[in-house]
Amino acid sequence: MALFLKRMIFYKTLSNWYSDNKRDLPWRRTVDPYKIWLSEIILQQTQVKQGLPYYMAFLDKFPTVSHLAEADESEVLKLWQGLGYYSRARNLHASAKYIAFELGGKFPDNYNSLLKLKGVGDYTASAIASICFNEVTAVVDGNVYRVLARYFNIDTPINSSKGAKEFKLLAQELIDKKDPANFNQAIMEFGATQCKPQNPDCTSCPFQSGCLAFNKGIVGELPVKIKAAKAKRKYFNFLVVISNNGQTVLEKREGKGIWENLYQFPLIESKTDLAYEDLNIQVEAHPVLKHKSFELSLYNKDCIIHKLSHQHLHTRFWIAKLDDVIDNGVSISKINDYAVPVLIGNFIETFNF
DNA sequence: AACTCGGGGGG
DNA sequence: CCCCCAGAGTT
């Protein structure tokens, strides 16, 4: 009985707040599972402001799951360029093909079926199932962790398996069974715009009297998170070849690491900062320059430091102007057709080919 | 359980 | 420098 009442009050307060404060976002004007799915994948670890233009561009180019399924992966990656976490794009495309060609175009319509899609985990399956199909499955994203940790004063680390279970269970107890779609979206919106990570607006918060963290003065200490390892330094030396017939060399990144299936200039990678002389020798001896006559120059004397969550890339670009043609080159005039990492894209934009 | 996977923005 | 973001997959 106490739980029932608590739940009632929580949702009443939340839904009132939401109806007064919700942003008008394009994916709130539809329950088309394809569009909701697309929005959820784009918004994984990505703020609305950053993801919004990509959502519009994807729907413009791929209005339905069939359009997406029939595209080449290279097209999908090109449209995803700049958004990061490129496995999302590869998995999105793979799942579109699965839906279009193996499920006959019928979009999975429940949590368990949705979970079978590549790139769809507990959060995304819950979001689509609740928003599109009114299934009572609570979402637990970064916003929900924060709101619940503060309101209920829970200090279990949110990025531990214990925390994941605990918060999922709590959210599932709190969710409004009559309107799971509205509950899920409301609690996330509340976390995103009011119960923010920094400087939450507690003075105007409708949950203030019931919020355990506020009443103990520990809002800033919650949620608790296990610290991530510090970023590692790596040293990237790219070889920008320019042939005498307007071509350069781009290589597709293979394998499991960062930027899988994106393109880059030939790369010499090292864990330590090699001495200039050693580097120069390596660049000159690189396979793509073998048996060629060229003039080598270092584009940036000071390293460009490209910062990612888990590694800092200290980068130099070497320009090799060839008095020759090259094998397997790509026209510099078509360089913008290739999906490249931001680090490469910035160079291409700045460098005057 | 720990690690990997991007890039942008805020303090 | 630190933090976070409508997380998921791999080891």
Side-chain angles (χ1 to χ4, degrees), chain A residues 22-23 25-28 36-55 77 80-92 94-95 114-131 138-147 157-165 167-168 171 181 183-193 195-200 220-232 234 253 255-262 305-313 339-346:
Chain A
K22 72 171 167 182
R23 291 168 288 182
L25 300 168
W27 47 85
R28 294 214 170 118
I36 298 299
W37 171 55
L38 177 64
S39 76
E40 294 299 344
I41 301 299
I42 287 174
L43 291 172
Q44 286 171 6
Q45 294 295 285
T46 304
Q47 294 187 313
V48 167
K49 184 180 176 186
Q50 189 188 3
L52 186 52
Y54 286 85
Y55 175 80
L77 283 172
W80 199 272
Q81 178 177 313
L83 198 54
Y85 284 159
Y86 297 93
S87 66
R88 291 183 293 173
R90 298 190 302 270
N91 288 334
L92 186 77
S95 293
L114 287 161
L115 212 47
K116 293 192 175 76
L117 302 177
K118 285 185 182 175
V120 173
D122 176 75
Y123 163 78
T124 305
S126 299
I128 301 170
S130 61
I131 294 169
V139 295
V140 184
D141 71 335
N143 294 306
V144 177
Y145 277 123
R146 186 169 54 256
V147 171
I158 60 174
N159 54 344
S160 64
S161 53
K162 183 170 182 287
K165 288 178 196 163
F167 283 93
K168 176 76 180 183
F183 177 93
N184 279 341
Q185 293 180 87
I187 193 169
M188 289 191 284
E189 183 79 339
F190 178 71
T193 66
C195 194
K196 297 174 291 184
Q198 295 108 355
N199 306 319
E221 297 169 34
L222 295 170
V224 172
K225 200 169 183 177
I226 299 165
K227 303 264 185 243
K230 286 211 331 188
K232 292 171 186 167
K234 286 186 182 172
R253 289 185 65 95
K256 281 286 168 196
I258 193 177
W259 302 327
E260 184 183 342
N261 293 2
L262 273 68
I305 304 176
H306 189 70
K307 293 183 176 179
L308 305 175
S309 315
H310 49 290
Q311 47 190 325
H312 293 177
L313 308 177
V340 298
V342 165
L343 176 59
I344 302 294
N346 287 345

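All values below were derived from every heavy atom in this structure, side-chain atoms included, with hydrogens, water molecules and symmetry-related copies excluded. In what follows, chains are A, B, ... by sequence order, proteins preceding strands, each numbered from 1.
The closest donor-acceptor contact from the side chain of A/Arg88 to the backbone of A/Gly119 lies at 3.5 Å or more, if one exists at all. Between the side chain of A/Tyr85 and the main chain of A/Ile42, no donor-acceptor pair closer than 3.5 Å is present. A donor-acceptor pair under 3.5 Å links the side-chain atoms of A/Ser130 to the main chain of A/Ala127, judged by distance alone. With hydrogens and angles disregarded, no donor-acceptor distance shorter than 3.5 Å links the side chain of A/Asn159 to the backbone of A/Lys225. Side chain of A/Arg90 to main chain of A/Asn261: no donor-acceptor pair is present (N/O by atom type, distance under 3.5 Å, no hydrogens or angles).
The strand DNA chain B forms stems, runs of 3 or more Watson-Crick or G-U wobble pairs with distances below 3.5 Å, at B:1-5 with C:7-11, B:7-11 with C:1-5.
With rounding to whole Å, A/Leu313 atom CG is found 10 Å from B/dG6 atom C1'. Distance, A/Ile344 CD1 to B/dG6 C1': 14 Å, rounded to whole Å. Taking atom CD1 of residue A/Ile305 and atom C1' of nucleotide B/dG7, one finds them 16 Å apart after rounding to whole Å. Between A/Leu308 atom CG and C/dC1 atom P there is a gap of 14 Å when expressed in whole angstrom units. If you take CD of A/Gln81 and C1' of B/dG6, they are 13 Å apart, rounded to a whole angstrom. As rounded to whole Å, 9 Å separates atom P of B/dA2 from atom CG of A/Asn159. Per the geometry, CG belonging to A/Leu262 stands 13 Å off P belonging to B/dC5, to the nearest Å.
Nucleic acid contact class of A/Gly82 (heavy atoms, under 4.0 Å, all strands): sugar-phosphate only. As judged by a 4.0 angstrom heavy-atom cut-off over every strand, A/Leu83 is placed among the base-contacting residues.
Under the side chain to side chain contact (heavy atoms under 4.5 Å, CB included) criterion, A/Ala89 pairs with A/Val76, A/Leu77, A/Trp80, not counting sequence neighbours. Not counting sequence neighbours, the partners of A/Lys168 by the side chain to side chain donor-acceptor pair (under 3.5 Å) test are A/Asp122, A/Ser126. Here A/Ala94 pairs with A/Lys118 under the side chain to side chain contact (heavy atoms under 4.5 Å, CB included) rule; sequence neighbours left out. The side chain to side chain contact (heavy atoms under 4.5 Å, CB included) search around A/Thr124 returns A/Glu40, A/Ile41, A/Gln44, A/Val120, A/Ile128, not counting sequence neighbours.
Take the nearest nucleotide of DNA chain B for A/Gln311 and for A/Asn199: the residue whose nucleotide is more 5' is A/Gln311. Nearest-nucleotide assignment on DNA chain B puts the 5′-proximal partner with A/Ser160, out of A/Ser160 and A/Lys234.
Taking atom P in both C/dA6 and B/dG11, one finds a spacing of 15 Å when rounded to whole Å. With both ends at atom C1', the span from C/dC5 to B/dC5 equals 14 Å, rounded to whole Å. Nucleotides C/dT11 and B/dG6 have their P atoms positioned 15 Å apart, rounded to a whole Å.
Residue A/Leu25 holds its CG atom at 8.5 Å from CG of A/Leu43, rounded to the nearest 0.5 Å.
Phosphate proximity of B/dG7 to A/His306: present, with a side-chain N or O under 4.0 Å from OP1 or OP2. A/His310 has a side-chain polar atom (N or O) that falls below the 4.0 Å cut-off from OP1 or OP2 of B/dC5. Contact annotation: A/Lys232 reaches the phosphate of B/dT4 (side-chain N/O to OP1 or OP2, under 4.0 Å).
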Checklist entry - Reading nucleotides 2-11 of chain C 5' to 3', which nucleotides get B (base under 4.0 Å from a protein heavy atom), which S (sugar-phosphate only), which -? => result SSSBBBSS--
